[in-house]
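First up is the structure itself, then whatever we jot down about it.
Ligands are counted one by one from 1 in listed order, and the atoms in each one are counted from 1 as well. Keep in mind it's a predicted model, so treat the numbers as computed, not measured.
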Amino acid sequence: MTTITKVMNNKTAIVPVRGMMENVMEQFNKASNQINLNPDIRKILSITNNEIIIHFPVKMDDGSIEVFTGYRVQHNNALGPYKGGLRYHPTVDIDAARALAMWMTWKTSLAGLPYGGGKGGIQIDPTKYSKGELERITRRFTFALADNIGPEHDIPAPDVNTNSQTMAWIADTYMSTRPPAERSANQHIVTGKPAGSGGLEGRDRATGYGVYLTIKYWSTNNNQILKGKRFIVQGFGNVGYWAAHFLEKEGAKLVAVQDAFGSLQNPKGIDVEALFNYANNNKGSIVDFPEAAVLDKNDFFAVDCDICIPAALGNQITKETAPKIKAKLVAEGANGPTNVEGEQVLLQRGVTIIPDILCNSGGVIASYFEWLQNRNGELWHMEEVIDKLERKLKNSFDRVSEYAQKEGVDMRTAAYCLAIERIEQAYVQRGIFP
Ligand code: GLU
């Protein structure tokens with residue numbers, strides 16, 4: 001249990017908060033009981049394989065030196081190399097990195113990819129640093145990590161506050177540390193690179209597009225159309241923007257949005273492209289967008305809507321916020337946005353949750369395509385990427401829906417059961433060395 005210090009009535013109290021790790025472990029244990037998971041394999045999957053914590057110095061623009069803390073946690077590689085993003089955020093710590101790495105193991109397994117799970121990042125508020133400083137921080141972290149990652153061993157990707165530029169710096173730094181003749185063969189050290197530097201056409205939109213697709217599949221299965229549906233999005237970064245973009249194209253209406261800086265609402269609908277262009281010219285913030293009203297931060301989840309898309313950080317839908325939610329569908333664009341208590345509230349109220357490891361898996365599926373493209377020296381077209389992504393995601397969605405129905409469990413438990421069974425099978429087939 002992590003603790004935070006809270007000041008109440010001028011008194012300072014240590015208040016226990018549910019850590020992300022507790023959340024993912026409760027989800028894992030629930031599914032493991034459901035499938036009667038082999039107890040030895042439960043032991044293995046309950047703990048991470050490797051945890052790397054690096055303190056590294058970087059020269060700032062003013063000539064001073066700052067020391068940063070970076071993490072890479074490798075949870076499991078029974079199905080293939082560790083795979084998962086790097087996030088730059090003040091909340092990155094060992095608990096978060098462990099939990100996020102575990103979620104990646106389930107996500108890649110469910111998607112049927114030849115990968116395990118890893119995650120990491122730097123405990124940093126990137127808005128406080130210049131582009132030059134961020135480049136040096138990224139390159140120095142990559143250099144320090146270099147012996148622990150590799151294109152066939154552990155393959156990072158973008159996550160919260162990192163993007164294709166960050167990946168280009170990582171690829172360049174990593175490749176520069178290899179002997180000249182091996183450099184090009186290491187391009188798949190990271191995925192999510194810019195399209196001109198070994199990146200995949202469409203990787204930018206893949207996560208948000210996947211979120212939209214899973215919402216569409218759910219609607220179709222429930223005889224609903226997306227046209228006219230009202231949705232709210234928490235987080236207007238890569239995932240939130242692209243999910244909103246595709247939903248709007250289908251005729252759905254964005255009625256409230258929240259980012260790290262503020263919250264907005266407009267029951268008549270917020271123009272997604274106009275908001276995106278506005279934020280791009282406003283240091284990435286949605287604040288003061290003229291065509292919407294300011295909304296109190298605490299009222300965001302209470303906005304009347306049909307679909308709620310948390311696409312920011314973990315632990316947002318809790319026993320405090322879940323009762324406010326009006327939507328009948330929660331589509332988890334973020335990793336771990338709903339904690340176990342929040343989920344209980346929603347399920348009791350008949351709200352469906354499309355779980356993160358399914359809902360946002362379009363990103364890592366596209367990462368897999370990028371990795372294959374680099375490995376095989378190919379260049380794929382956008383249509384090919386989108387077509388393959390749709391087929392993979394539909395297959396995952398159908399398997400989860402069928403399992404949930406057959407076993408009478410919620411979609412998260414179904415997704416976990418399928419993911420864990422695949423890993424269990426690999427262990428049973430291979431046995432444990434020695
Ligand atoms: N950070 C993304 C996720 O949480 C993408 C990971 C990847 O592409 O490896 O799924």
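Not one N or O on the side chain of Asn76 forms a donor-acceptor pair closer than 3.5 Å with the backbone of Gly117. Remark: the backbone N or O of Phe300 is not paired with any side-chain donor or acceptor of Ser263 at under 3.5 angstrom.
Ranking protein heavy atoms by distance to atom 7 (C) of ligand 1, first place goes to Ala157 CB, 3.3 Å. With respect to atom 8 (O) of ligand 1, the closest heavy atom belonging to the protein is Ser367 OG, 2.5 Å. Among protein heavy atoms, atom 3 (C) of ligand 1 sits closest to Lys107 NZ, 3.3 Å.
Atoms of ligand 1 found under 4.0 Å from any heavy atom of Met104 (numbered from 1 in listed order, with element): 3 (C), 4 (O), 6 (C), 10 (O). Of all the atoms in ligand 1, the ones that sit under 4.0 Å from a non-hydrogen atom of Lys119 are 1 (N), 3 (C), 4 (O). For ligand 1, the atoms lying closer than 4.0 Å to a non-hydrogen atom of Gly84 are 9 (O).
Using a cutoff of 4.0 Å between basic side-chain nitrogens and carboxylate oxygens, Arg87 and Asp159 are scored as salt-bridged. Using a 4.0 Å cut-off between a side-chain N of Lys or Arg and a carboxylate O of Asp or Glu, Lys324 and Asp299 do not qualify as a salt bridge. Between Glu133 and Lys128, none of the side-chain N atoms (NZ, or NE/NH1/NH2) sits under 4.0 Å from a carboxylate O, so this pair counts as no salt bridge.
Taking the six-membered ring where the residue is Trp, Tyr209 and Tyr212 present tilted rings, their angle falling between 30° and 60°. Using the six-membered ring where Trp is involved, Phe28 and Trp106 have ring planes that are parallel, under 30° apart on the 30 and 60° scheme.
Only side-chain heavy atoms of Asn335 come within less than 4.0 Å of ligand 1; its backbone N, CA, C and O stay farther off.
The closest heavy-atom contact to atom 5 (C) of ligand 1, among the options Arg87, Arg203, Glu370, Lys83, comes from Arg203. The nearest non-hydrogen atom to atom 2 (C) of ligand 1, considering only Gly118, Pro158, Gly363, comes from Pro158.
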